[in-house]
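Data block below; observations after.
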Amino acid sequence: AQKITQTQPGMFVQEKEAVTLDCTYDTSDPSYGLFWYKQPSSGEMIFLIYQGSYDQQNATEGRYSLNFQKARKSANLVISASQLGDSAMYFCAMREPGKRSGGSNYKLTFGKGTLLTVNP
Amino acid sequence: DGGITQSPKYLFRKEGQNVTLSCEQNLNHDAMYWYRQDPGQGLRLIYYSQIVNDFQKGDIAEGYSVSREKKESFPLTVTSAQKNPTAFYLCASSMGQGFTDTQYFGPGTRLTVL
């Protein structure tokens, strides 16, 4: 079973409008972290925003915010005032606690991504 | 400027050859990672290293090998045992401390087997 599900293979948005990219996750552990990355056509993965499972408030970072609904196990990324440069693949990822003794798990599990296209 | 560099950007390999992908970071990060990305897919972890002279297998380590002799460097060798090596390879690093530890990525190497 997939641990991270991004149900939107592609999304379109008009410049200056807001857009929400969906991400649902599956874990039985109460401690976990959720990350969003942006991948432009150049290929580099750019970190956008982080949300911890115990964080009381939704994370925000400039035009990016995370709509975290713990009971629904969703962590949707909201991009406000879209710009042409926002056109890219967007990946949701999760970190769960490690199984190795003495250390945290460094593994990130990624979804398959959503291709966002911003139209002028 | 601090960052992660990967070389080469594009790499072509003949079947049966081993090739080594370079990854260097000057962020003073303890942990480093190698991921593989196939078209239309997310990233999958190949190997990771938390400290010098130590590394662990990820989900898809078969056919790959790594070394971590210096903190700054984490080269990945794609061996002839890797059945389908054509992919985009991304290296990442992080402080390696705490649950909020964020991984930062290099620009990637695109490997094509001829």
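In what follows, chains carry the letters A, B, and so on, assigned in the order in which the sequence lines appear, proteins first and then strands, with residues in each chain numbered from 1. Side chains are part of it too, since the values below use all heavy atoms of this structure and drop only hydrogens, waters and symmetry mates.
Screening A:Asn67, A:Asn76, A:Thr114, A:Leu77 against A:Asp22 for a side chain to side chain contact (heavy atoms under 4.5 Å, CB included) leaves a single residue, A:Asn76.
For A:Gln39, the part sitting under 4.5 Å from any heavy atom of chain B is the side chain, from C-beta outward, and nothing else. Heavy atoms of B:Gln6 lying under 4.5 Å from chain A are absent altogether. In this structure, the portions of B:Leu43 lying under 4.5 Å from any heavy atom of chain A include both its backbone and its side chain.
For the pair B:Arg68 and B:Phe55, the NZ or CZ position fails the cation-pi test of under 6.0 Å to the six-membered ring centre and within 45 degrees of the ring normal.
Checked for salt-bridge contact, A:Glu96 and A:Lys3 meet the test: a charged N lies under 4.0 Å from a carboxylate O.
Note on ring orientation: taking the six-membered ring where Trp is involved, the planes of A:Tyr32 and A:Tyr25 are tilted (angle from 30° to 60°).
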